[in-house]
Amino acid sequence: RNLFDYINVAFANYSESQRVDWLKQYMQIKKVPASKTGYLLDFFNRYNQYKKQETAIILNLTKTNNSSDIKAVQTIKQKIIDLQNQFFSDTESRGFFGFEREYDNYQIQSSLILQNTALSSSAKAHALALERNKLSDQVKSTILQTTVVEELNQLTEAHNRSKNANPKE
């Protein structure tokens, strides 16, 4: 995926056929077996078609929805997952988008917890910890430090708002 994204960004001013030619050259340099080049070229083509439609979905839905509304975000994410399933097999989709899906789901669940006014600060902290424990080791190791600090800041802000405290307190 990183290679495909790199090709599409670095050679954005070139035609799609020129980007395919560049990928072919790259595969030759890396000595990718001929038996795999056809699959990779097909995959690159499907990925490009997917990216075009993904961009259209995001632009369309963000025009009509508030991007800070968690329900709108959930709608966008579900439409993107449906699109991924349209272009890729389950195995391909998990390989290319699994980390992103897991992270996005975690972010959505965390936002729902933090926005839940029925939960106390300690209940929110507990629910967030439960959500973190559901994460795969790969996602945990990548996001955990930053996420915990962000969650603590959000919990502190929510607690201060509930107590009508000023920022200095």
Side-chain angles (χ1 to χ4, degrees), residues 1-115 128 131-154:
R1 181 176 172 185
N2 291 340
L3 175 63
F4 292 170
D5 287 337
Y6 170 77
I7 291 169
N8 287 328
V9 170
F11 300 99
N13 295 331
Y14 294 88
S15 71
E16 199 163 318
S17 66
Q18 288 172 309
R19 286 180 290 197
V20 168
D21 288 341
W22 191 91
L23 178 60
K24 287 177 183 177
Q25 290 174 9
Y26 177 83
M27 288 189 294
Q28 286 175 343
I29 292 168
K30 292 296 182 177
K31 299 185 182 352
V32 174
S35 61
K36 294 183 180 181
T37 58
Y39 171 77
L40 291 172
L41 292 170
D42 173 64
F43 198 94
F44 184 62
N45 181 47
R46 288 185 287 137
Y47 184 69
N48 288 336
Q49 291 173 6
Y50 158 77
K51 288 302 282 183
K52 288 175 189 172
Q53 290 187 31
E54 177 194 47
T55 301
I57 287 171
I58 292 169
L59 290 174
N60 185 38
L61 290 174
T62 52
K63 276 193 264 184
T64 59
N65 293 293
N66 179 354
S67 61
S68 64
D69 174 19
I70 197 67
K71 296 294 183 195
V73 172
Q74 284 178 305
T75 299
I76 291 169
K77 292 300 178 185
Q78 186 56 54
K79 288 192 179 283
I80 289 171
I81 289 170
D82 293 344
L83 185 64
Q84 291 166 353
N85 293 336
Q86 178 183 335
F87 281 96
F88 307 103
S89 71
D90 187 52
T91 303
E92 291 169 337
S93 192
R94 277 185 281 128
F96 251 47
F97 308 107
F99 180 95
E100 182 180 331
R101 284 184 188 179
E102 185 176 357
Y103 177 77
D104 289 347
N105 185 55
Y106 170 75
Q107 290 293 91
I108 289 169
Q109 293 307 314
S110 295
S111 294
L112 290 171
I113 291 166
L114 291 168
Q115 291 175 7
L128 290 169
E131 286 299 318
R132 276 193 305 276
N133 289 335
K134 292 178 187 177
L135 295 172
S136 67
D137 290 341
Q138 181 188 16
V139 174
K140 276 184 195 176
S141 67
T142 303
I143 67 167
L144 196 55
Q145 292 175 351
T146 304
T147 303
V148 170
V149 171
E150 288 173 9
E151 288 172 359
L152 288 173
N153 286 335
Q154 290 173 347

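All residue numbers refer to positions in the sequence shown, counting from 1.
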For the aromatic rings, using the six-membered ring if either is Trp, is the centroid distance between Y50 and F96 under 6.0 Å? no

Any residue meeting ring-ring contact (aromatic ring centres under 6.0 Å, His included) with F11, in chain and number order, not counting sequence neighbours: Y14, W22

ring-ring contact (aromatic ring centres under 6.0 Å, His included) with F87: which residues, sequence neighbours excluded? none

What distance do [X] atom [atom1] and [Y] atom [atom2] have between them, rounded to the nearest 0.5 Å?
{"X": "Q86", "Y": "Q49", "atom1": "CD", "atom2": "CD", "answer": "9.5 Å"}
{"X": "Q78", "Y": "I108", "atom1": "CD", "atom2": "CD1", "answer": "9.5 Å"}
{"X": "K52", "Y": "L83", "atom1": "NZ", "atom2": "CG", "answer": "13.0 Å"}
{"X": "K77", "Y": "I57", "atom1": "NZ", "atom2": "CD1", "answer": "11.5 Å"}

Please report the C-alpha distance between Y103 and T142 in whole Å, then the side-chain angles of each, then the deciding distance to 0.1 Å, and finally whether the side-chain contact (heavy atoms from CB on, under 4.5 Å) criterion is met. CA-CA 10 Å; Y103 177 77; T142 303; over 6 Å; no

So which of T75, I76, I81 actually passes side-chain contact (heavy atoms from CB on, under 4.5 Å) with K79? T75

Between N48 and the options I7, N8, V20, the side-chain contact (heavy atoms from CB on, under 4.5 Å) test singles out N8

Are the side chains of [Y] and [X] in contact, using a 4.5 Å heavy-atom criterion?
{"X": "R46", "Y": "F43", "answer": "yes"}
{"X": "L3", "Y": "L23", "answer": "yes"}
{"X": "Q109", "Y": "N105", "answer": "yes"}

Are a donor atom and an acceptor atom from the side chains of S17 and S15 found within less than 3.5 Å of each other? yes

Are D21 and Q25 close enough that a side-chain donor and a side-chain acceptor fall under 3.5 Å? no

Who are the side-chain contact (heavy atoms from CB on, under 4.5 Å) partners of K134, not counting sequence neighbours? E131

Y47 and F4 aromatic ring geometry - parallel, tilted or perpendicular at 30°/60° bounds: tilted

Exercise answer: donor-acceptor pairs, residues 32-41 side-chain atoms, under 3.5 Å, sequence neighbours excluded:
residue : atom : partner : partner atom : Å
T37     : OG1  : A34     : O            : 3.0
Y39     : OH   : E92     : OE2          : 2.5

Salt bridge (Lys or Arg N to Asp or Glu O under 4.0 Å) against K51, all qualifying residues, sequence neighbours excluded: E54

All side-chain hydrogen bond (donor to acceptor under 3.5 Å, both in side chains) counterparts of E100, not counting sequence neighbours: R1

Distance-minimising heavy-atom pair for K140 and L135: CE-O, 3.2 Å

Nearest heavy atoms of S93 and Q84, plus distance in Å: OG-CB, 3.8 Å

Go through it in stages, so that I can follow the logic: the residues are R94 and T91, the test is side-chain contact (heavy atoms from CB on, under 4.5 Å), and I'd like the CA-CA distance, side-chain angles, deciding distance and then a yes or no. CA-CA 5 Å; R94 277 185 281 128; T91 303; 3.6 Å; yes

